[in-house]
Amino acid sequence: SIGPWLLAAAALVVLVVRFSGRLRAAWEPTPQAAGESLVAGENGGSAIEFLLLLPIILSILLLILETALMVQAKFVVNYAAFCAVRSAIVWIPADAPGGEARNHIDRTDPSSDKMQKIWRAAAFACVSISPHYTPSIVDRTGISDASDDQKDAVDRIAAFFPSDGDGNVADSFKNRLAYGFDSANTTIEIVAESGSHDQNAGDYGDHDPVTIRVTHRFYMGIPLANRLMGTSFGAGPGSGFYYPISEQYTLLNEGEPLGS
């Protein structure tokens with residue numbers, strides 16, 4: 001829930017308004033009435049109060065920034081769930097080369113042909129919120145580089161990306177593939193719904209509801225906020241932090257036209 005962070009943002013606004021006024025007063029000369037003596041150290045005290053609160057204000061700012069990025073990522077993961085279920089309602093009714101029959105999917109086997117196609121649809125959408133593949137990211141997350149097949153897939157659609165003069169949007173996209181296509185960072189789950197068939201066994205009927213839940217480990221790059229809100233990758237000293245974001249989407253399984 002982002003409710004606590006919205007409350008923190010409101011508190012920050014109050015603090016900034018209050019103490020910016022105090023800081024301004026600390027540097028402006030105070031008019032004195034005739035015969036009135038200046039209270040020693042009053043202006044300096046206000047400045048010290050502000051300086052003492054400055055680390056807290058900066059910390060709240062970092063938390064708000066990280067929360068904003070997480071909210072943006074939540075929308076992307078929701079889109080990834082849509083992409084996954086859109087792929088599912090196309091592939092579940094198909095006959096897979098791996099032996100999965102029409103309207104059946106090995107939902108407990110991530111390596112099955114249909115599950116792999118659905119997972120790739122979700123991972124592809126999550127690449128946009130993944131960090132670039134760099135030595136520091138490798139040290140912090142323990143990921144390995146994307147496979148040649150995955151990079152080739154991006155190359156095949158590179159014609160749809162505009163050139164920026166120095167390269168291609170596809171080049172930047174390929175640099176993010178490793179994180180988004182890591183099987184630990186993007187996962188899918190087929191949620192069994194009530195339908196005409198036993199979805200727990202992976203069986204679906206035409207126009208049965210199909211629900212896919214996508215979980216993405218959103219990489220947190222904002223200092224301090226990542227330690228307060230995130231979970232360590234466990235990659236040893238200097239490990240990075242992530243926040244798991246889950247979204248699910250439901251569509252109807254494709255099949256023969258209704259009433260046929």
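Note that this is a predicted model, so its numbers are computed, not measured. These values consider heavy atoms only, across backbone and side chains, with no hydrogens, waters or symmetry-generated copies.
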**Student:** With rounding to the nearest 0.5 Å, note down the distance linking CD1 in I92 to CZ in R107.
**Tutor:**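 The distance works out to 10.0 Å.
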**Student:** Measure the NE2-SG distance between H216 and C126 for me, rounded to the nearest 0.5 Å.
**Tutor:**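 The NE2 atom of H216 sits 5.0 Å away from the SG atom of C126.
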**Student:** Please check if Y243 and L224 belong to a single hydrophobic cluster, counting links between Ile, Leu, Val, Met, Phe, Trp and Tyr side chain heavy atoms closer than 4.5 Å.
**Tutor:**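 Yes, one cluster joins them.
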**Student:** Can you see which heavy atom on E100 is nearest to which on D113, and at what distance?
**Tutor:**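 Nearest pair, atom of E100 first, then D113: OE1-N, 3.4 Å.
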**Student:** Report yes or no: does S239 contribute a side-chain atom to a donor-acceptor pair with the main-chain N or O of G234 at less than 3.5 Å?
**Tutor:**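 Confirmed, S239 side chain pairs with G234 backbone.
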**Student:** Minimum heavy-atom separation for C83 to A125, with atom names?
**Tutor:**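 Taking C83 first and A125 second, the nearest heavy atoms are SG-CB, 4.2 Å.
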**Student:** Inspect the surroundings of CH2 in W119 and state if more than 12 heavy atoms from other residues, nucleotides or ligands are less than 6.0 Å away.
**Tutor:**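 Yes - once you tally the heavy atoms of other residues, nucleotides and ligands closer than 6.0 Å, there are more than 12.
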**Student:** Between D106 (side chain only) and T108 (backbone N and O only), is there a donor and an acceptor less than 3.5 Å apart?
**Tutor:**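 No, because the side chain of D106 does not come within donor-acceptor range (under 3.5 Å) of the backbone of T108.
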**Student:** Given V85 and T250, is the side chain to side chain contact (heavy atoms under 4.5 Å, CB included) satisfied, shown in steps?
**Tutor:** CA-CA 7 Å; V85 76; T250 302; 5.8 Å; no
**Student:** L62, Y219: one ILVMFWY side-chain cluster at the under-4.5 Å cut-off?
**Tutor:**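 Unlinked, L62 and Y219 end up in two clusters.
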**Student:** Distance from I143 atom CD1 to S130 atom OG, nearest 0.5 Å?
**Tutor:**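 It comes to 8.5 Å.
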**Student:** Measure the OG1-CG distance between T231 and N226 for me, rounded to the nearest 0.5 Å.
**Tutor:**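 With rounding to 0.5 Å, OG1 (T231) is 11.0 Å from CG (N226).
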**Student:** Answer yes or no: is there a donor N or O on one side and an acceptor on the other, between the side chain of R176 and the main chain of P131, under 3.5 Å?
**Tutor:**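 Side chain of R176 to backbone of P131: no pair is present.
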**Student:** Show the nearest heavy-atom pair for residues P93 and N103, with the distance to one decimal.
**Tutor:**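 Nearest heavy atoms, P93 then N103: CA-OD1, 3.4 Å.
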**Student:** Between T141 and Y179, does a side chain to side chain contact (heavy atoms under 4.5 Å, CB included) hold up when you go through it step by step?
**Tutor:** CA-CA 9 Å; T141 64; Y179 186 91; 4.1 Å; yes
**Student:** Could you please spell out the steps behind the salt bridge (Lys or Arg N to Asp or Glu O under 4.0 Å) verdict for R213 and E247?
**Tutor:** CA-CA 6 Å; R213 179 181 297 122; E247 289 289 322; over 6 Å; no
**Student:** Would you compute the distance between atom CE of M115 and atom CD of E189 and round it to the nearest 0.5 angstrom?
**Tutor:**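 M115 atom CE to E189 atom CD measures 9.0 Å (nearest 0.5 Å).
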**Student:** Answer whether the closest heavy-atom distance between the side chains of N175 and F173 falls below 4.5 Å.
**Tutor:**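 No - every pair of side-chain heavy atoms lies 4.5 Å or more apart.
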**Student:** Determine, using the 4.5 Å side-chain heavy-atom cutoff (strictly less than), whether F181 and V138 are members of one ILVMFWY cluster.
**Tutor:**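 Each belongs to a different hydrophobic cluster.
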**Student:** I'd like to check H207 versus E254 (side-chain heavy atoms, cut-off strictly below 4.5 Å). Are they in contact?
**Tutor:**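 Of all side-chain heavy-atom pairs linking E254 with H207, none is under 4.5 Å.
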**Student:** Does CZ belonging to R86 count more than 12 external heavy atoms closer than 6.0 Å?
**Tutor:**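 12 or below, so no.
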**Student:** Ignoring hydrogens, what is the shortest heavy-atom contact between S246 and T215? Give both atom names and the distance.
**Tutor:**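 Smallest interatomic distance, heavy atoms only, reads OG-OG1, 2.7 Å.
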**Student:** Just checking Y133: does its OH atom have more than 12 heavy atoms from other residues, nucleotides or ligands closer to it than 6.0 angstrom?
**Tutor:**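 Check passes, neighbour count above 12.
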**Student:** Taking all heavy atoms of G180 and all of T186, pick out the closest pair and write down the distance.
**Tutor:**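 In this case the closest contact between G180 and T186 is O-OG1, 2.8 Å.
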**Student:** May I ask you to test the Q248-I212 pair for a side-chain heavy-atom distance under 4.5 Å?
**Tutor:**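 Sidechains of I212 and Q248: no contact.
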**Student:** State yes or no: do V127 and V214 share one hydrophobic cluster built from I, L, V, M, F, W and Y residues joined by side-chain heavy-atom distances below 4.5 Å, directly or via other members?
**Tutor:**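 Yes, same cluster.
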**Student:** Check whether any side-chain heavy atom of V210 sits under 4.5 Å from a side-chain heavy atom of Q199, and report yes or no.
**Tutor:**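 SC-SC contact between V210 and Q199 ruled out.
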**Student:** Any side-chain heavy atom of L69 within less than 4.5 Å of one from M220?
**Tutor:**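 In short, these two side chains do not touch, never coming nearer than 4.5 Å.
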**Student:** In the structure I gave you, are the side-chain heavy atoms of D208 and E193 within less than 4.5 Å of one another anywhere?
**Tutor:**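 Answer no - side chains too far apart.
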**Student:** Would L228 and L63 satisfy side chain to side chain contact (heavy atoms under 4.5 Å, CB included), going step by step from the backbone distance to the final call?
**Tutor:** CA-CA 9 Å; L228 293 176; L63 289 171; 4.0 Å; yes
**Student:** Would a single hydrophobic cluster contain both F124 and I188, if residues Ile, Leu, Val, Met, Phe, Trp and Tyr are joined by side-chain heavy-atom contacts under 4.5 Å?
**Tutor:**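 Looking at the clustering, F124 is in the same group as I188.
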**Student:** Given side chains that start at C-beta, do those of I56 and I60 come closer than 4.5 Å, heavy atoms only?
**Tutor:**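 A side-chain contact under 4.5 Å exists here.
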**Student:** To the nearest 0.5 Å, what is the distance between CD (Q72) and CD1 (I129)?
**Tutor:**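 Those atoms lie 8.0 Å apart.
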**Student:** Would you please classify the geometry between the Y249 ring and the F82 ring as parallel, tilted or perpendicular, with 30° and 60° separating the classes?
**Tutor:**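 F82 and Y249: perpendicular rings.
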**Student:** Which residue in the set D203, D95, D206 passes salt bridge (charged side-chain N to carboxylate O under 4.0 Å, His left out) when paired with R102?
**Tutor:**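 Considering D203, D95, D206, a salt bridge (charged side-chain N to carboxylate O under 4.0 Å, His left out) with R102 is found only for D206.
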**Student:** Quick check: does any side chain N or O of N253 sit under 3.5 Å from a backbone N or O of G205, one acting as donor and the other as acceptor?
**Tutor:**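 Such a contact is found between N253 side chain and G205 backbone.
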**Student:** For the ring pair F218 and Y242, is the centre-to-centre distance below 6.0 Å?
**Tutor:**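 No: the rings miss the under 6.0 Å criterion.
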**Student:** Tell me if a side-chain donor or acceptor on S59 pairs with a main-chain N or O of P55 at a distance below 3.5 Å.
**Tutor:**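 The answer is yes, because a donor-acceptor pair under 3.5 Å joins these two groups.
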**Student:** For the side chain of E66 and the backbone of M229, is there at least one donor-acceptor N/O pair under 3.5 Å apart?
**Tutor:**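 Pair absent, no side-chain N/O of E66 close to backbone of M229.
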**Student:** Looking only at atom types and distance, does a side-chain atom of T187 sit under 3.5 Å from a main-chain N or O of A184, one as donor and one as acceptor?
**Tutor:**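 Absent.
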**Student:** Any side-chain heavy atom of H104 sitting closer than 4.5 Å to one from Y204?
**Tutor:**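 No, every pair of side-chain atoms sits at 4.5 Å or beyond.
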**Student:** For I105 and I118, what are the C-alpha separation, side-chain angles and deciding distance, and is it a side chain to side chain contact (heavy atoms under 4.5 Å, CB included)?
**Tutor:** CA-CA 11 Å; I105 184 171; I118 298 169; 3.6 Å; yes
**Student:** Answer yes or no on whether K114 is positioned over the face of W91, meaning its NZ or CZ is under 6.0 Å from the six-membered ring centre and within 45° of the axis.
**Tutor:**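 Pair K114/W91 does not count as cation-pi.
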**Student:** Would you name the heavy atoms of A122 and A80 that are closest together and state the gap between them?
**Tutor:**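 Taking A122 first and A80 second, the nearest heavy atoms are O-CB, 3.6 Å.
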